Every structure is written in structure tokens, then in C-alpha cells.
Amino acid sequence: MARAVSTRRTAVFTIAAWIVALIIFFPILYTIVTSFKSETEAIKGFNLIPSGTVESYAAVQAQSNYFKFFLNSVVISVGSTLLALALAIPAAWSMAFSPTRRTKDILMWMLSTKMMPAVAVLVPIYLIFRDTGLLDTRFGLTVMLTLINLPIVVWMLYTYFREIPGEILEAARMDGAGLLQEIVHVLTPMAVPGIASTLLLNIILAWNESFWTIRLTTTNAAPLTAFIASFSSPQGLFWAKLSAASTLAIAPILIMGWFSQKQLVRGLTFGAVK
């Protein structure tokens with residue numbers, strides 16, 4: 001009897017999980033379906049049956065160079081992630097293994113910066129970028145996304161590092177390892193799952209960032225978020241073209257997430273986030 005109850009409960013939870021997953025994924029699915037319709041079919045109303053036409057994709061590519069925006073997204077998201085990790089690993093190490101009385105205050109202060117509306121600092125940030133020549137540059141946007149996501153990266157790595165026994169690092173010091181050797185050769189290899197999950201999550205956050213990427217770029221450094229926004233015009237919304245542009249923009253990150261889901265889940269469940 002207990003086995004039957006357990007099986008029934010498992011089935012209920014499985015069905016509930018699939019329902020929630022389908023609800024979350026449905027907007028993406030509908031976007032993909034709409035991208036394979038003509039503009040006339042797209043504005044008719046709700047319909048999950050695509051006509052199979054690719055004219056919207058052809059129109060999108062003819063209007064904008066997708067690969068230029070794609071390359072900008074790759075450079076900006078990967079670059080900001082690597083830079084954030086280079087800054088966050090030593091910071092998280094010091095907070096996890098050499099804490100002070102101010103460590104918790106610093107962590108809370110870093111987290112509080114994520115609570116501030118971005119529009120509140122738009123004008124000063126824009127003026128700084130304008131005066132320093134960083135507007136519409138990959139470097140400027142990389143630095144900006146690094147600073148935006150740095151608190152999350154530090155928090156994730158700090159939480160994960162707390163799970164690593166400090167005795168291992170003490171043993172490395174007794175063997176003559178210096179600070180840099182301790183971080184690079186001892187701590188980092190042990191924290192690979194947490195670092196990998198942090199890296200993947202930060203790439204996703206940087207890839208999806210739209211507020212700053214649209215406002216700090218025009219053409220040269222514009223990523224895929226600006227590519228999508230370019231299909232919203234005063235003449236109206238062209239739903240099929242907009243859906244095709246959105247599908248092209250989210251496809252790389254969906255593919256990456258699909259192939260790296262095991263690594264991501266492993267890292268998130270082994271101390272990176274609790």
C-alpha cells in the first residue's frame with residue numbers, strides 16, 4: 001500500500017512539474033511558432049499551427065546583419081563573465097576563509113545595489129560613458145555588465161566556498177603554497193561545479209540584459225537585445241518579424257542551456273545557491 005501511495009505521489013508531482021514547465025515555456029514556444037508565419041497570419045489571432053514559411057527570417061536577415069549582433073552578444077556576455085569571475089573569486093575567497101567584522105555588511109551592501117532601479121542612475125552613467133568615449137563600445141558595455149552582475153557572482157561563489165573545508169587550504173599552506181597558488185591550484189579545482197554554474201548563469205544574465213545594452217549602444221556594439229528592439233518601429237509591431245528576431249536571439253542561449261543543464265543543476269545544488 002505504501003508503495004502505491006509513493007508511486008501515486010510521484011506521478012502527481014511529475015505531472016505538476018510538467019504543467020509548470022509548459023506554462024513557463026509556452027511564451028517561447030508561441031514565439032517560435034509565430035516566427036514561421038506570415039505577417040497576415042500572425043495578426044489574425046491565437047493559432048499554434050505554423051504555416052511553415054521562412055519569409056520572416058529572410059526579411060530579418062535582409063534588414064539587419066544578425067551575425068554582427070550575435071558576435072557582439074558573445075563578446076560582451078563572455079567577456080563580462082570572465083572579468084566578473086576574475087574579480088569575484090579572490091573576493092569570495094577572502095570573505096569565506098578570512099572574514100572580518102564587516103564581511104556580512106559588505107555582502108549585504110553588494111546585494112543592496114541590485115535593489116536600486118537602473119533608471120535611477122541612467123543619466124550619470126550615460127554622461128560618464130559619453131565623456132570617456134565608452135558609448136557604443138564593446139569594452140564599455142563589458143565593464144557595465146560586469147559591474148551589474150558582480151554582486152550575484154560574489155554571493156554565489158561565497159556561498160559555495162563556504163562548503164569547502166578550510167582544513168584543506170591550511171594543509172596547502174603547510175606544504176608551502178602561497179596565496180595565488182592556494183586560490184589557483186587548490187581552491188579553484190575543488191570549486192569547479194560552483195564556478196561553472198556561476199559562469200553559465202552570469203552568461204545568461206548578460207545575454208538577456210536589455211536596459212543598458214539598448215541605451216548605451218547604437219550600431220557598433222549593439223548586441224541581440226538591440227537587434228530585437230530594432231523591429232519595434234513607429235509604424236507598428238510586425239509580429240512575425242519580431243518573433244523571428246526573438247527566436248534568433250534566444251536560440252543560442254537555449255541551446256547552451258540545454259547542453260549544460262546537468263552542470264548547471266549540479267553546481268546550483270552543491271552549494272552555489274541555497
Side-chain angles (χ1 to χ4, degrees), residues 17-39 41-43 46-82 84 118 138 141-142 144-145 148-149 152 196-217 219 221-233 237-265 267-268:
W18 272 103
I19 292 174
V20 172
L22 288 174
I23 292 174
I24 295 174
F25 185 73
F26 181 77
I28 299 176
L29 174 63
Y30 192 66
T31 299
I32 296 173
V33 170
T34 305
S35 69
F36 289 100
K37 297 179 180 180
S38 64
E39 288 295 342
E41 294 172 324
I43 63 175
F46 179 79
N47 184 6
L48 278 175
I49 302 176
S51 60
T53 180
V54 293
E55 63 181 40
S56 296
Y57 288 94
V60 165
Q61 183 59 28
Q63 179 175 332
S64 302
N65 185 0
Y66 166 78
F67 294 101
K68 174 185 175 181
F69 293 94
F70 172 76
L71 181 60
N72 286 338
S73 286
V74 172
V75 172
I76 292 167
S77 58
V78 174
S80 64
T81 298
L82 295 179
R138 291 176 179 175
L141 207 53
T142 298
M144 190 66 203
L145 294 183
I148 290 173
N149 295 323
I152 296 176
S197 62
T198 304
L199 182 145
L200 293 171
L201 182 61
N202 194 69
I203 287 178
I204 293 172
L205 292 175
W207 190 279
N208 292 332
E209 174 62 40
S210 61
F211 182 84
W212 292 109
T213 55
I214 292 175
R215 284 156 183 81
L216 298 179
T217 62
T219 55
L224 286 171
T225 47
F227 172 73
I228 297 173
S230 67
F231 290 91
S232 175
S233 64
L237 292 176
F238 298 91
W239 294 110
K241 296 182 181 65
L242 190 60
S243 297
S246 299
T247 301
L248 289 172
I250 65 176
I253 208 69
L254 281 177
I255 295 172
M256 187 195 75
W258 176 264
F259 285 104
S260 61
Q261 58 182 317
K262 290 184 179 179
Q263 183 66 38
L264 182 60
V265 171
L268 293 176

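Keep in mind the model is a prediction, meaning the values are calculated, not measured. Positions are given from 1 along the sequence.
Distance CG/Leu242 to OG1/Thr31: 8.5 Å, rounded to 0.5 Å.
When side chains are defined from C-beta on, Val33 does not count as touching Ser243, because their heavy atoms never get closer than 4.5 Å. The side-chain heavy atoms of Ile228 and Leu224, taken from C-beta on, include no pair separated by under 4.5 Å.
Between the side chain of Glu209 and the backbone N or O of Trp212, at least one donor-acceptor pair lies under 3.5 Å. Put simply, the side chain of Tyr66 gets close to the backbone of Leu248: a donor and an acceptor are under 3.5 Å apart. The backbone N or O of Ala222 sits nowhere less than 3.5 Å from a side-chain atom of Lys68 that would complete a donor-acceptor pair. With hydrogens and angles ignored, the 3.5 Å screen pairs a side-chain donor or acceptor of Ser56 with a backbone N or O of Lys37. With hydrogens and angles ignored, the 3.5 Å screen pairs a side-chain donor or acceptor of Asn208 with a backbone N or O of Ile204.
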Worked verdict on Leu254 versus Ile28 for side chain to side chain contact (heavy atoms under 4.5 Å, CB included): CA-CA 10 Å; Leu254 281 177; Ile28 299 176; 4.0 Å; yes
Candidate pair Leu71 and Arg138, rule side chain to side chain contact (heavy atoms under 4.5 Å, CB included), full reasoning: CA-CA 10 Å; Leu71 181 60; Arg138 291 176 179 175; 3.6 Å; yes
Evaluation steps, side chain to side chain contact (heavy atoms under 4.5 Å, CB included), between Val74 and Trp207: CA-CA 8 Å; Val74 172; Trp207 190 279; 3.9 Å; yes
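If you check the side chains of Thr142 and Ser80, you find no donor sitting under 3.5 Å from an acceptor.
The two residues Asn202 and Ala84 have their closest heavy-atom pair at ND2-CB, 4.5 Å. Across all their heavy atoms, Pro27 and Ile24 have their closest contact at CD-O, 3.3 Å. Ser77 and Ile203 make their closest contact through CB-O, 4.0 Å (heavy atoms, listed as atom of the first residue, atom of the second, distance).
The aromatic rings of Phe227 and Phe69 sit tilted relative to each other, their planes meeting at an angle between 30° and 60°. Aromatic ring orientation, Phe36 versus Tyr57: tilted (interplanar angle from 30° to 60°).
In terms of the side-chain hydrogen bond (donor to acceptor under 3.5 Å, both in side chains) criterion, residue partners of Glu41 (sequence neighbours excluded) are, by chain and number, Ser38, Ser51.
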